[in-house]
Amino acid sequence: MGGVTSSMAAKFAFFPPNPPSYKLITDDLTGLLLLSPFPHRENVEILKLPTRKGTEIVAMYVRHPMASSTLLYSHGNAADLGQMYELFIELSIHLRVNLMGYDYSGYGQSTGKPSEQHTYADIEAAYKCLEESYGTKQEDIILYGQSVGSGPTLDLAPRLHQLRAVVLHSPILSGLRVMYPVKRTYWFDIYKNIDKIPLVNCPVLIIHGTSDEVVDCSHGRQLWELCKEKYEPLWLKGGNHCDLEHYPEYIRHLKKFISTVEKSPSQRYSSRRSTDHFEQARKSTDFFEVSRKSTDRREKPRQSTDRPEKLKTHPNTADKLEKIRMSFDQLERSRRSVDCHEKSRKSIDHQLERARKSVDRLDRIRNG
């Protein structure tokens, strides 16, 4: 019975585009593999990669000349490289990263049939290619898993002890939990992300739409709760399962995350102590533009990532808050000019605390 259930779950999980959205061709002059109908780009390489399961998957590598990180992107369901091609190019440009994307076995022009175990072998083949063919170091890799892609991402991540970071985009708790609100993990379930995410030892960013009708936002929220090294999550108000890339906050938040994790471990630790990006997300002064109530996970989540919009109906409050922001800017400039003596730090901390109390008073005035 368990085997039958597992087989049924696998059938529900995988929907490769039929027919594939692209063709794989070889250029007559250069001998290079190309994705048709896309034109050849000098910074894009198309590859065929063998897996330990005996299949051969198609991958694309996008190179950025200024990159210091490489994104290994596991795409979502009902998509293939042809549908992801332009997005991969845009992400590489805007985030200044190299990017490796790949099609699972049975997707696009990859051989074999899709299954949970095949996707684990697929991401391993892509990771091996980054190491052996491009000389990418483990500590420079960011694993990015979208929807079903969160499964292979969270299978590989705990085994990479020097991994730079993980991004989970509309992730699932497990395959069975997408269909049924079960409270425990059954042996026949697939992609048991809920059990694997506590084993990840690097910063994790979770992005989820609050109106996701395919994978409820509660999946992302619960995974975030279980992270060891949390980063400020992005809950996109009104976002559905397949449209989060269209929100301006999406690319801004990713940029900030990548900038943070590209710091050395000692710098990240220092940043974590001062801004609590990871352990106490939402308390950073970067996100200090409105009420602190929305930063408490136990209360109602924030209504929008575009917080300044809330001030439109409160011009007096907005003026006061703008003055406080200006004082923050002045403090920031002062911080850059002072030395590292303890006396200076205490002085700045005192001024910051006074400013924070002022913001808290504004919050109470608004909420009262």
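Between the OH atom in Y250 and the CG atom in L91 there is a gap of 4.5 Å [rounded to 0.5 Å]. One distance of note links OH of Y120 with OH of Y104; it measures 11.0 Å at 0.5 Å rounding. Expressed to the nearest 0.5 Å, how far CD of E45 lies from CG of L33 amounts to 10.5 Å. The line from OG1 of T210 to CG of D216 is 10.0 Å long, rounded to the nearest 0.5 Å. Remark: Y102 OH to L81 CG distance equals 10.5 Å, nearest 0.5 Å. Rounding to the nearest 0.5 Å gives a distance of 8.5 Å between CG of L156 and OG of S74.
Y134 and I123 fall within a single hydrophobic cluster, where Ile, Leu, Val, Met, Phe, Trp and Tyr side chains are chained together by heavy-atom contacts under 4.5 Å. Note on M179 and V182: same hydrophobic cluster, where clusters join Ile, Leu, Val, Met, Phe, Trp and Tyr whose side-chain heavy atoms are under 4.5 Å apart, directly or indirectly. Linking ILVMFWY side-chain heavy atoms closer than 4.5 Å, directly or via other members, places L87 and I258 in a single hydrophobic cluster. The cluster map of Ile, Leu, Val, Met, Phe, Trp and Tyr, joined by side-chain heavy atoms under 4.5 Å apart, puts V62 and I93 in the same cluster. Criterion: ILVMFWY side-chain heavy atoms under 4.5 Å apart, direct or through other members. Under it, Y127 and L47 are part of a common hydrophobic cluster.
For the pair E124 and R159, the salt-bridge criterion is met [side-chain N within less than 4.0 Å of a carboxylate O].
Enclosure of atom CD in E86 by more than 12 non-hydrogen atoms of other residues, nucleotides or ligands within 6.0 angstrom is indicated.
Defined by atom type and a distance below 3.5 Å, a donor-acceptor pair is missing between the side-chain atoms of R164 and T70. Looking only at atom types and distance, the side chain of E262 has a donor-acceptor partner in the side chain of S69 under 3.5 Å away. Residues Y191 and T119 have side chains that bring a donor and an acceptor to within less than 3.5 angstrom of each other. Side-chain contact, S21 with D80: a donor N or O sits under 3.5 Å from an acceptor N or O.
Closest approach of W224 and I206 over heavy atoms only: N-CD1, 3.3 Å. Nearest heavy-atom pair, T55 versus G112, reported as atom, atom and distance to 0.1 Å: CG2-CA, 3.9 Å. Shown here for H219 and P171, the closest heavy-atom pair between the two residues is CB-O, 3.4 Å. Closest heavy-atom contact between D103 and S110: O-OG, 3.1 Å.
Cation-pi geometry between R63 and Y61 is not met at under 6.0 angstrom from the ring centre and within 45 degrees of the axis.
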Can you list the steps and then say if H118 with T51 is a side chain to side chain donor-acceptor pair (under 3.5 Å)? CA-CA 8 Å; H118 273 145; T51 77; over 6 Å; no

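Between Y22 and Y85, a ring centre-to-centre spacing not shorter than 6.0 Å is recorded.
Partners of E245 according to the salt bridge (charged side-chain N to carboxylate O under 4.0 Å, His left out) rule, which considers only residues two or more places apart in sequence or in another chain, do not exist here.
Residues T185 and S174 fail the side-chain proximity criterion, which asks for heavy atoms closer than 4.5 Å.
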